Q: 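Got a structure for you, written out below as structure tokens; questions coming shortly.
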There are 2 protein chains.
Amino acid sequence: MDIIEINKVLSNQARIDILHWLKKPEANFPVQVNVPDFSDGVCVCHIQDKTGLSQSTVSHYLAMMHKVDLLIATRHGKWTYYKRNENEIFNYINSLKNEL
Amino acid sequence: MDIIEINKVLSNQARIDILHWLKKPEANFPVQVNVPDFSDGVCVCHIQDKTGLSQSTVSHYLAMMHKVDLLIATRHGKWTYYKRNENEIFNYINSLKNEL
DNA sequence: TTTATATATCGAAATATATCGATATGTTTA
DNA sequence: TAAACATATCGATATATTTCGATATATAAA
């Protein structure tokens with residue numbers, strides 16, 4: 001739990017948006033055809049479409065968010081699905097209350 | 001209340017430390033001789049001493065934190081005192097809960 | 001087994017941040 | 001009024017971040 005690194009990751013609107021969108025995947029992303037539901041999150045291509053950024057940038061952003069444990073990644077075949085790590089997000093906000 | 005800008009400001013250990021130290025000025029800073037107590041906060045020179053950074057860097061950091069309303073500045077004579085803006089800090093953490 | 005597709009990584013250019021010393025500004029004191 | 005002092009601002013350099021297109025890798029489909 002490195003608050004500084006998480007704050008760096010969350011110093012960018014697209015990354016904040018992604019985290020927010022993933023709170024309600026069914027409301028923010030199209031239905032997925034290769035998995036039954038959103039229980040493993042949303043595939044990179046849908047997130048990319050929604051941000052309008054390049055594929056490499058979005059992949060990089062998701063990797064950053066994954067590296068600081070804000071997201072959980074699951075691979076199904078050629079797709080990678082990302083979902084929120086609610087525990088870590090909760091711990092982060094809680095740590096802020098104490099550290100700040 | 002710009003979460004992104006606040007997160008940028010809080011992506012630095014010295015600035016996090018300053019905010020934390022100001023939570024208990026009497027425990028973290030020497031007694032001040034030109035004001036009766038810590039009710040307006042702590043003067044720049046004491047904060048500078050504690051960080052070990054240059055005067056210009058500390059002044060710049062405090063200005064950044066003031067700009068996003070994390071700190072309140074009060075001038076007494078040739079000294080500037082900075083204290084936490086508890087309202088804004090509270091609002092920031094609360095916004096994170098909703099936005100993230 | 002070749003081809004197509006999804007994602008990750010690499011390398012580069014543009015922009016932003018960190019941090020300093022020097023200097024300017026404002027205030028007090030001699 | 002001049003000197004001293006606290007803080008703010010300026011200008012510069014080093015380092016980090018942003019973002020892209022190109023390429024590599026892994027998997028699935030033909």
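Values in this document were obtained by computation on a predicted structure and should not be read as measured data. First the proteins, then the strands, lettered A, B, ... as listed; each starts at 1.
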Q: What string of B, S and - do you get for nucleotides 20-30 of chain D 5' to 3' if you count protein non-hydrogen atoms under 4.0 Å?
A: BBB----SS--

Q: Do the side chain of Arg75(A) and the main chain of Gly77(A) share a donor and acceptor less than 3.5 angstrom apart?
A: yes

Q: Quick one, which residues of residues 8-28 of chain A touch DNA chain C with a heavy atom under 4.0 Å?
A: none

Q: Flag yes if Trp21(B) and Leu100(A) sit in one hydrophobic cluster, no otherwise; membership is Ile, Leu, Val, Met, Phe, Trp, Tyr, and two members link when side-chain heavy atoms are under 4.5 Å apart.
A: yes

Q: For a quick test of reading the model: is some side-chain N or O of Tyr82(B) closer than 4.0 Å to OP1 or OP2 of dA8(D)?
A: yes

Q: Can you tell me how far C1' of dA16(D) sits from CD1 of Ile4(A), to the nearest Å?
A: 15 Å

Q: List the steps, then state whether side chain to side chain contact (heavy atoms under 4.5 Å, CB included) holds for Asn85(A) with Leu71(A).
A: CA-CA 5 Å; Asn85(A) 184 349; Leu71(A) 297 183; 6.0 Å; no

Q: Could you tell me how far apart Met64(B) (CE) and dA16(C) (P) are, to the nearest whole angstrom?
A: 14 Å

Q: Distance check needed: dT9(C) C1' versus His66(A) NE2, whole Å only.
A: 16 Å

Q: Please tell me whether Ser59(A) and Ser56(A) have a donor and an acceptor in their side chains that are separated by less than 3.5 angstrom.
A: no

Q: Run the side-chain donor-acceptor check on residues 87-97 of chain B: report pairs under 3.5 Å with partners two or more places apart or on a different chain.
A:
unit_1, atom_1, unit_2, atom_2, d
Asn91(B), ND2, Asn87(B), O, 3.4
Tyr92(B), OH, Asn7(B), OD1, 2.5
Ser95(B), OG, Asn91(B), O, 2.9

Q: Quickly work out the His46(A) NE2 to dT5(C) C1' distance and round it to whole Å.
A: 14 Å

Q: In whole angstroms, how far is the C1' atom of dT9(D) from the NZ atom of Lys67(B)?
A: 14 Å

Q: Expressed as a whole number of angstroms, how long is the span from Asn7(A):CG to dT17(C):P?
A: 14 Å

Q: Can you list everything that forms a side chain to side chain donor-acceptor pair (under 3.5 Å) with Asn28(B)? Sequence neighbours excluded, please.
A: none

Q: Over how many whole Å does the gap from Leu62(B) atom CG to dT9(D) atom P extend?
A: 12 Å

Q: Using modelled atom types and a 3.5 Å cut-off, is there a donor and acceptor pairing between side-chain atoms of Gln32(A) and backbone atoms of Gly41(A)?
A: yes

Q: With Leu70(B), which of Val9(B), Leu62(B), Leu22(B) fulfils side-chain contact (heavy atoms from CB on, under 4.5 Å)?
A: Val9(B)

Q: Contact class for Tyr81(B) vs. all strands (heavy atom < 4.0 Å): base, sugar-phosphate, or nothing?
A: nothing

Q: Not counting sequence neighbours, which residues clear ring pair (Phe, Tyr, Trp, His ring centres under 6.0 Å) with Tyr81(A)? List them please.
A: His76(A)

Q: Measure the distance from CE on Met65(B) to P on dA18(C) and round it to the nearest whole Å.
A: 12 Å

Q: Quick check on contacts: within residues 31-43 of chain B, what sits under 4.0 Å from DNA chain D by heavy-atom distance?
A: Cys43(B)

Q: Backbone N or O of Glu99(B) within a donor-acceptor pair of the His20(A) side chain at under 3.5 Å?
A: yes

Q: Checking side-chain contact (heavy atoms from CB on, under 4.5 Å) between Met1(A) and each of Ile6(A), Asp69(A), Val68(A), which is the one that passes?
A: Ile6(A)

